[in-house]
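Below is one structure, written out as structure tokens; comments come after it.
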Number of protein chains: 2
Amino acid sequence: MANITKKVSWSSRGDESGAAGEETPLLNGSEQSRPLRQQDSARGRPKEIPHNEKLLSLKFESLDYDNIENQLFLEEERRMSFVAFRCLEISRWVICGLIGFLTGLIACFIDIAVEQLAGLKYRLIKENIVKFTEAGGLSISLLLWVALNSFCVMWGSIIVAFIEPIAAGSGIPQIKCFLNGVKVPRVVRLKTLVVKVVGVIFSVVGGLAVGKEGPMIHSGAVLAAGVSQGRSTSLKKDFKIFEYFRRDTEKRDFVSAGAAAGVSAAFGAPVGGVLFSLEEGASFWNQMLTWRIFFASMISTFTLNFFLSIYHNKPGELSNPGLINFGRFESEAMEYNLYEIPLFIAMGAIGGGLGAFFNFLNYWLTIFRIRYVHRPCLQVMEAMLVAAVTATVAFIMIYFSTDCQPLGPDHTEEYPLQLFCADGEYNSMATAFFNTPERSVRSLFHNPTGTYNSLTLGLFTLTYFFLACWTYGLAVSAGVFIPSLLIGAAWGRLCGILLASTTSTASMWADPGKYALIGAAAQLGGIVRMTLSLTVIMVEATGNVTYGLPIMLVLMTAKIVGDYFQEGLYDLHIKLGSVPFLHWEAPATSHWLTAREVMSSPVTCLNRIEKVGTIVDTLSNTSTNHNGFPVVVQVSGDDEPAKLCGLILRSQLIVLLKHKVFVELARSRLTQRKLQLKDFRDAYPRFPPIQSIHVSQDERECMMDLTEFMNPTPYTVPQDTSLPRVFKLFRALGLRHLVVVDDDNRVVGLVTRKDLARYHVGKHGLEELHLAQT
Amino acid sequence: MANITKKVSWSSRGDESGAAGEETPLLNGSEQSRPLRQQDSARGRPKEIPHNEKLLSLKFESLDYDNIENQLFLEEERRMSFVAFRCLEISRWVICGLIGFLTGLIACFIDIAVEQLAGLKYRLIKENIVKFTEAGGLSISLLLWVALNSFCVMWGSIIVAFIEPIAAGSGIPQIKCFLNGVKVPRVVRLKTLVVKVVGVIFSVVGGLAVGKEGPMIHSGAVLAAGVSQGRSTSLKKDFKIFEYFRRDTEKRDFVSAGAAAGVSAAFGAPVGGVLFSLEEGASFWNQMLTWRIFFASMISTFTLNFFLSIYHNKPGELSNPGLINFGRFESEAMEYNLYEIPLFIAMGAIGGGLGAFFNFLNYWLTIFRIRYVHRPCLQVMEAMLVAAVTATVAFIMIYFSTDCQPLGPDHTEEYPLQLFCADGEYNSMATAFFNTPERSVRSLFHNPTGTYNSLTLGLFTLTYFFLACWTYGLAVSAGVFIPSLLIGAAWGRLCGILLASTTSTASMWADPGKYALIGAAAQLGGIVRMTLSLTVIMVEATGNVTYGLPIMLVLMTAKIVGDYFQEGLYDLHIKLGSVPFLHWEAPATSHWLTAREVMSSPVTCLNRIEKVGTIVDTLSNTSTNHNGFPVVVQVSGDDEPAKLCGLILRSQLIVLLKHKVFVELARSRLTQRKLQLKDFRDAYPRFPPIQSIHVSQDERECMMDLTEFMNPTPYTVPQDTSLPRVFKLFRALGLRHLVVVDDDNRVVGLVTRKDLARYHVGKHGLEELHLAQT
């Protein structure tokens with residue numbers, strides 16, 4: 001793929017390693033650390049950096065799933081009684097409950113807000129259309145529709161583009177990265193949550209081809225990251241609770257629970273939520289964690305269900321477990337037969353192909369956007385354009401549709417449009433377009449045979465496919481699940497109708513809703529390529545396990561066919577972000593690589609008792625920007641190289657410098673408070689940059705004793721370890737730094753995430769991605 | 001708990017470590033390695049060894065989930081092309097498909113055999129009862145019933161007790177251990193499978209309070225272990241396929257798939273199967289593996305469904321996804337309301353309490369059996385006794401029951417007994433007792449209100465509870481799932497009836513079947529203490545997700561309440577087997593322990609080029625029986641201790657000795673074939689004992705070069721590493737040996753499974769189990 005320029009919106013400061021080997025010269029560090037978007041407005045021109053998908057950005061930091069077991073930590077743990085550990089365990093359950101509850105509330109808020117606002121909009125437009133249908137002048141209605149949509153989308157896009165660009169899209173790729181161990185900047189902040197929630201309401205009300213489900217996953221994750229820390233840095237409010245959980249290990253566990261709660265609230269699928277978290281995130285799970293995740297999921301769907309039942313004036317009737325409700329599939333009506341299975345598999349293949357095509361189009365669109373549509377104002381304008389076009393296309397489709405259906409006595413259509421149909425009839429195309437996408441999906445699944453004719457469905461599929469593809473990647477907060485389901489349900493139902501018309505035993509194929517469901521699964525699977533979790537989500541959303549096997553077969557087929565052409569949508573976007581994402585296993589043919597070839601070297605090491613000046617200089621060195629430093633100790637004389645005795649992080653050094661933990665000061669001021677774990681926790685996770693810490697010339701001559709603070713037992717590997725073995729260790733333990741040592745335990749290199757992520761299997765065997773400072 | 005003596009039926013040869021520290025003097029090694037049961041018959045008296053549950057047996061070997069990346073392996077991997085890896089991946093899928101298919105077939109076989117034989121039995125007895133009801137002399141019917149039951153159970157028990165004792169019970173504890181990484185001897189052999197399958201048919205037909213579901217999990221696992229190796233050692237048949245998979249890593253993955261396929265076939269719960277495998281087994285999973293497991297599960301339930309549909313003369317109608325079928329719960333009838341949730345939770349608590357009581361009774365019963373009922377003939381007699389008592393109790397209950405119900409026109413009872421009821425009526429107690437347990441469960445779930453009166457249900461619960469408790473642990477192949485469900489369904493239905501009678505709004509509580517379901521979940525959860533997987537299994541078996549939340553709440557409550565009193569049944573039996581089972585995490589308060597305290601030392605090390613005599617002596621040393629040996633190299637002179645350069649296993653050394661890979665021979669016979677990985681794979685997994693290998697006195701003076709064969713990059717930790725850190729590394733990577741080194745990379749100790757498993761949290765904080773050679 002061609003080299004392109006990219007406005008980096010995922011970027012962050014510093015690479016992981018303490019090694020100074022292969023880095024290319026870099027820009028001024030302090031400038032680099034500011035979000036580039038701010039530079040845009042400052043200079044009026046975006047910073048464009050040569051960039052392509054074969055690059056791996058060095059700007060992403062890793063999360064540290066490995067506890068820093070330094071002396072302070074061990075002392076604290078050893079002081080803790082068994083009861084204290086029990087209390088911690090209970091707090092974890094309480095937090096998970098809270099996460100579930102709040103996620104459910106947010107889902108509830110989104111649902112009610114969308115329903116109210118969209119209802120208002122559709123009623124307004126409907127009245128207008130009714131008024132002008134007879135009188136002529138429907139173009140005024142069109143204008144009204146376009147104006148309302150664009151207006152909503154404009155606000156949704158403005159807050160995303162100008163306030164928090166990371167809130168764009170569904171947030172699922174970002175959460176995947178976070179769970180994978182990549183610290184995506186600003187992704188779990190309160191501001192992001194607010195923009196996400198408000199943004200998704202505007203997008204859905206604005207009539208874009210988007211869903212409100214995907215963003216729930218991101219919302220749940222943000223909530224989890226916030227609640228579990230017992231404070232909000234944005235609001236400058238510290239509740240002084242849950243301080244024990246202020247580290248990456250714990251935070252990441254809670255974020256898994258949050259993501260699961262999000263899925264659960266979105267689809268009413270608690271088990272699917274757990275599986276989503278496991279499938280997308282955790283390589284290291286354990287039973288207790290899984291149960292907590294499950295608990296959060298259950299509470300989340302229950303909260304949503306409960307509050308929606310009150311909202312619908314049927315308190316206690318728990319029939320709305322999720323934001324999207326596939327409606328009740330009656331078992332008898334939905335039986336399938338053995339000979340239908342090949343048909344389902346064929347539909348899976350179609351879904352996989354269409355999904356790959358969708359991803360392919362979206363891939364190029366994204367590259368186009370990276371290259372040309374990088375200014376916030378342009379992004380807002382594009383979003384408004386899409387909103388206008390969506391409304392126009394919908395209007396035209398409805399206008400020219402001749403598919404009139406009788407309005408049943410118990411019609412389920414919320415806003416039936418009569419338009420040019422006879423009295424007592426309504427326009428069938430309008431049920432698909434003139435509705436929130438969730439309702440459209442439901443009517444495709446459940447409306448009786450004959451509600452839609454083939455032409456309506458065909459045209460709808462075609463237009464909605466391209467609209468959805470254009471929409472995904474706009475600077476609005478929006479999900480791709482529902483549009484995918486909608487496209488799939490439309491062509492699936494079409495398949496059902498066509499099958500029924502070609503076979504004589506029409507009664508066998510009586511229910512096109514069944515095919516709509518299979519089509520929806522196929523299309524969604526073809527786009528996002530999840531299997532196990534998606535199967536369970538679909539089954540839970542339909543509320544009927546009868547369809548487990550066909551849905552699973554369809555999703556598998558869709559994935560196999562889709563993967564043949566193109567990666568999944570989320571993976572594609574992760575790749576375009578140049579994120580050092582670690583897959584499950586090292587590339588198959590990488591056994592000939594060893595740690596020696598993979599590692600970064602030489603490594604910047606620190607002595608156990610090190611001069612403050614050296615530390616400050618090392619940290620300030622913007623050409624390296626290292627985050628982890630092996631600590632070494634000189635054993636016998638100067639001739640022998642130093643031996644590894646620990647590992648210390650940039651963040652720890654900064655806290656030490658800030659508190660001036662110098663050997664000389666400790667001697668002079670005996671009363672000085674000893675540094676505690678609390679000081680590190682208070683600074684977590686936004687450690688100040690080194691530039692903000694003032695160290696006087698005198699202090700530079702002081703010494704710092706790192707013994708207490710470094711991790712004395714970092715994981716190490718010998719130089720000859722094969723890449724798959726290094727990879728397995730790194731991935732299974734969620735490491736950030738892995739020290740490579742020689743036979744005498746001397747540091748020879750350091751392996752970080754980027755060193756492992758850059759190898760991947762390409763068309764010509766093992767390929768190596770280039771590293772870039774973007 | 002008191003010291004008890006135990007006939008070790010799980011025992012195995014050799015402990016893991018190469019360390020010779022704290023072992024107690026041992027019996028003669030070669031005798032030790034023979035199954036103790038054979039000694040019994042040989043000497044006429046069982047070998048009794050002091051033993052209690054606070055012991056940890058050294059007799060269990062570990063599986064090695066860590067690939068031995070020696071030079072041979074790396075050379076092979078490096079020679080392999082990308083296409084070859086693709087082919088391997090495809091083989092894995094094919095194997096999983098086969099596992100699923102065969103598991104489904106076996107389930108089908110069991111189902112049909114049980115149905116036919118049990119049908120025959122019940123028809124015979126029914127005719128007899130009908131004959132004697134009027135005429136008097138029902139005692140003859142009782143005798144017939146007792147005789148038939150005892151006869152069946154006798155055969156079922158004989159094959160288990162005399163041929164393969166490991167096939168007793170459900171096999172789930174054994175599979176849990178296997179997935180945890182403990183090599184339980186003979187657990188995945190063909191003979192075990194045959195005995196298991198035939199045994200379970202006899203047990204169920206023999207009318208014991210057992211289910212045929214649990215054994216399916218074991219059967220699936222055995223199948224998986226067999227199919228994936230492409231050969232059967234028992235049948236001495238090597239198909240020369242899948243040779244690449246002949247190592248612990250791959251085998252264990254397939255066994256996970258087999259266990260999942262078993263669950264899937266048993267309960268028609270493919271997702272539940274996957275979760276069972278994950279929850280009980282894999283701490284290290286990955287996406288591809290999970291999908292393969294899911295695939296095997298799907299194929300398994302589908303195969304069963306398909307063949308049963310043919311058997312039932314309705315080919316293609318896929319309505320029998322599992323061995324147990326809860327029947328169709330209609331959504332409308334089964335709605336629950338918010339205020340019922342506290343009731344459900346209360347039922348969960350009851351289930352937890354009853355489950356703990358069940359486990360408590362079974363625990364003491366098991367200890368009694370270990371002490372007094374260890375001879376096979378006694379075991380057979382006990383099993384026959386239980387069968388006779390079960391039949392007698394059932395008969396008496398039915399005889400004295402006055403609960404007559406009218407026989408509906410479309411009665412679902414298979415074998416309705418009229419007995420002393422009026423014409424057109426049948427004995428209600430008989431539907432619960434005179435039936436296979438699966439049918440009884442279904443009738444408790446679905447029979448209309450009023451089918452059972454409270455007294456019937458109460459008496460049934462009481463008797464069945466004790467019968468089931470007595471039955472579990474007999475030397476028969478049998479599962480505990482169905483009896484648990486049955487007990488729970490009975491008292492659950494009772495709760496429903498009582499609730500309906502105490503409230504005025506009787507219509508609200510109209511359906512006691514709902515409470516039967518909740519009770520069943522509560523009782524099962526209280527006994528086995530699974531949560532996530534069991535929730536999904538129950539939901540899939542009911543075919544209705546509406547009950548997801550209540551079932552989950554019930555299972556959680558049952559677990560919390562149950563855990564307060566007593567461990568789960570499977571964990572209890574694992575503990576009684578003194579298995580070094582590794583839990584998910586190190587005990588919470590174990591941070592003050594370091595590798596130095598935990599490890600075994602001193603360690604028996606081998607030189608890289610070692611004298612054959614030394615190796616033979618080391619391996620023959622029955623007082624240590626080590627399985628892994630660090631390989632060291634002397635660097636500079638004799639004064640400095642040797643440095644670690646690799647790790648070699650007993651099994652590898654034995655293959656080397658067998659092939660006489662001596663340096664001298666290689667020099668003299670240049671044409672000698674170089675040893676290949678194939679030679680190791682051919683010997684896997686039943687490596688010959690060292691005693692069977694003849695090494696002449698001349699050969700003892702030869703040297704062996706271990707460089708090519710040892711794992712050159714074993715995982716190591718420094719001495720100061722805390723126990724939780726060691727534990728995490730060990731568990732996450734599924735290690736068998738972890739070398740502890742000092743700052744200069746010299747071996748100071750070795751950590752094996754038993755070193756980690758012996759620490760556990762007891763009543764008085766951290767406790768240490770004793771190690772024993774039993």
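Residue numbering restarts at 1 for every chain, and letters A, B, ... go by the order of the sequence lines. Bear in mind the structure is a predicted one, so any value in this text is a computation, not a measurement.
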- Query: Is it the backbone or the side chain of Met556(A) that comes under 4.5 Å from a heavy atom of chain B, or both, or neither?
  - Reply: side chain
- Task: Considering non-hydrogen atoms only, spot the tightest contact between Met552(A) and Phe295(B) and give its length.
- Result: CE-CA, 3.7 Å
- Which atom of Tyr65(B) lies closest to which atom of Lys728(A), heavy atoms considered: O-NZ, 3.4 Å
- Let me know if Thr301(A) has heavy atoms under 4.5 Å from chain B in its side chain, its backbone, both or neither. neither
- Task: Can you tell which part of Leu766(A) gets under 4.5 Å to a heavy atom of chain B, answering side chain, backbone, both or neither?
- Result: neither
- side-chain contact (heavy atoms from CB on, under 4.5 Å) partners for Thr713(A), two or more places apart: Asn711(A), Pro718(B), Asp720(B), Thr721(B), Arg725(B)
- Task: Identify which part of Glu89(A) has an atom lying under 4.5 Å from any heavy atom of chain B, answering side chain, backbone, both or neither.
- Result: neither
- Query: Quick check: does any side chain N or O of Asn745(B) sit under 3.5 Å from a backbone N or O of Asn745(A), one acting as donor and the other as acceptor?
  - Reply: no
- Message: Quick check on Pro714(B) against chain A: is it the side chain, the backbone, both or neither that has a heavy atom closer than 4.5 Å?
- Response: backbone
- Query: Who pairs with Lys176(A) by side-chain hydrogen bond (donor to acceptor under 3.5 Å, both in side chains), at least two apart in sequence or on another chain?
  - Reply: Glu280(A), Asp571(A)
- Task: Write down the atom of Leu549(B), the atom of Met298(A), and the distance for their closest heavy-atom approach.
- Result: CD1-SD, 3.2 Å
- Where does the angle between the aromatic ring planes of Phe85(A) and His591(B) fall among parallel (under 30°), tilted (30 to 60°) and perpendicular (over 60°)? parallel
- Query: Which bit of Ser533(A) is near chain B, if near means a heavy-atom gap under 4.5 Å: side chain, backbone, both or neither?
  - Reply: neither
- Would you mind checking which part of Val761(A) comes under 4.5 Å of any heavy atom in chain B, side chain (CB onward), backbone (N, CA, C, O), both or neither? side chain
